[in-house]
Number of protein chains: 2
Amino acid sequence: MSLGNGKMTRRYDDDCVATREILSLVGDKWSVMVIVNLGEGTMRFSDLKRAIEGISQRMLTLTLRGLERDGLVTRTVFPTIPPRVDYALTRLGQTLLEPVTGLAVWAQRHRPEIQRAREAFQRAATSK
Amino acid sequence: MSLGNGKMTRRYDDDCVATREILSLVGDKWSVMVIVNLGEGTMRFSDLKRAIEGISQRMLTLTLRGLERDGLVTRTVFPTIPPRVDYALTRLGQTLLEPVTGLAVWAQRHRPEIQRAREAFQRAATSK
DNA sequence: TAGCCAGGGTCACCATTCGTGACCAGGCAC
DNA sequence: GTGCCTGGTCACGAATGGTGACCCTGGCTA
């Protein structure tokens, strides 16, 4: 892909697949939400579950495992009763915070436009 | 979420779901690849298919339909034989180019780190 | 003493989506 | 006539996303 110096050149063949793989990691909606939330600081499992409205326990577990595997978050277990597990961004995770936040800002800013486009598309499809 | 002025405040409850929905649109790997490719200019269906190595016709069609529906790309049909269909970013799509490119750059830059983290995680898991 | 809750998971099971390969139309070259 | 090119669509299996139930252990309440 060779991004970085203005225009992109055509070097997809090998990078493309790898980059896509990494983007798919970030791409899933839950990962983004977890990262944004952890951007504020360490959180416990149940804090995250409450903060990320709509996520199920299983999905949160899976998402966190994936992020841990990729070195984006750390998982600290306190073997108390009831158990307590803290999650936090690693340094690598924090570097991701910036581009991800950029996307989130974009999403918020352009939400109305997208909604309008969808409605227009819907109308065009039904009238057809 | 109230991103935008430095620190985030706790306003997830209503925004969160909507933002997540929009992110999931951008989040899927194919959409990102299409947007990045169209950032260079108008492309035909089969150009895209060739450029985005690994995508199937069906997935490309679905992805493009989704992006068109959300007002991010335009679809122009030339009823020639053989048929010809051009795709291009809308103005809205171009505004998305910047944050998405940011992500792509991040992915490329940190790919080795992630790979290393994965290998370390793998080793930790197998030795356990 | 029986119930019930919290916290962090896992498991079985369904629904949705992903992805592959086949097929289509219509004219052109061989 | 056979096959190819383009931009799709359709049917079908594979993978993934998501839900609700259950687990464990200790403390609190009734």
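Treat the numbers as computed from the prediction; the structure is a model and nothing was measured. Proteins come first, then strands; the chains are lettered A, B, ... in the order of their sequence lines, and each starts at number 1.
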Nearest non-hydrogen partners of A:Ala51 and A:Met43, listed with the distance: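 Reported closest heavy-atom pair: CB-CE, 4.0 Å.
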Where is the tightest heavy-atom contact between B:Tyr87 and B:Leu38, given as atom of each residue plus distance?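 What the structure gives for the nearest pair is O-CD2, 3.5 Å.
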Mind listing the residues from residues 59-74 of chain A sitting with a heavy atom below 4.0 Å of DNA chain D? Number order is fine.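 Those residues are A:Met59.
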When the distance from [atom1] of [X] to [atom2] of [N] is rounded to whole Å, what number comes out?
X	N	atom1	atom2	result
A:Phe78	C:dG7	CZ	C1'	14 Å
B:Ile52	D:dG7	CD1	P	14 Å
B:Ile55	C:dT17	CD1	C1'	15 Å
A:Glu53	D:dT19	CD	P	12 Å
B:Phe45	D:dT9	CZ	C1'	11 Å

Cation-pi check, A:Arg69 to B:Phe121: give yes when NZ or CZ is under 6.0 Å from the six-membered ring centre and within 45° of the ring axis, no otherwise.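 No.
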Under 4.0 Å between a side-chain N or O of B:Trp30 and OP1 or OP2 of C:dC18?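 Checking C:dC18 against B:Trp30, no side-chain N or O comes under 4.0 Å of OP1 or OP2.
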Between D:dG7 and B:Ser46, is there an OP1 or OP2 to side-chain N/O distance shorter than 4.0 Å?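 For D:dG7, OP1 or OP2 has a side-chain N or O of B:Ser46 closer than 4.0 Å.
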Using 4.0 Å as the upper bound for N to carboxylate O, is an ion pair formed by A:Asp47 and A:Arg50?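 Result for this pair is yes, salt bridge flagged.
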Taking a hydrophobic cluster as the set of Ile, Leu, Val, Met, Phe, Trp and Tyr residues connected by side-chain heavy atoms closer than 4.5 Å, whether directly or through intermediates, do A:Val77 and A:Ile81 fall within one such cluster?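 Hydrophobic grouping puts A:Val77 apart from A:Ile81.
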Atom CD of A:Gln94 with >12 non-hydrogen neighbours under 6.0 angstrom: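 Counting other residues, nucleotides and ligands, CD of A:Gln94 exceeds 12 neighbours.
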Neighbour count above 12 (heavy atom, 6.0 Å) for B:Arg118 CZ: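 Enclosed.
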Determine whether a donor-acceptor pair (N or O, by modelled atom type, separation under 3.5 Å) exists between the side chain of A:Thr90 and the backbone of A:Gly71.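 The answer is yes, because a donor-acceptor pair under 3.5 Å joins these two groups.
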Using atom names, set out every protein N or O paired with an N or O of nucleotides 20-30 of chain D below 3.5 Å, distance rounded to 0.1 Å.
none

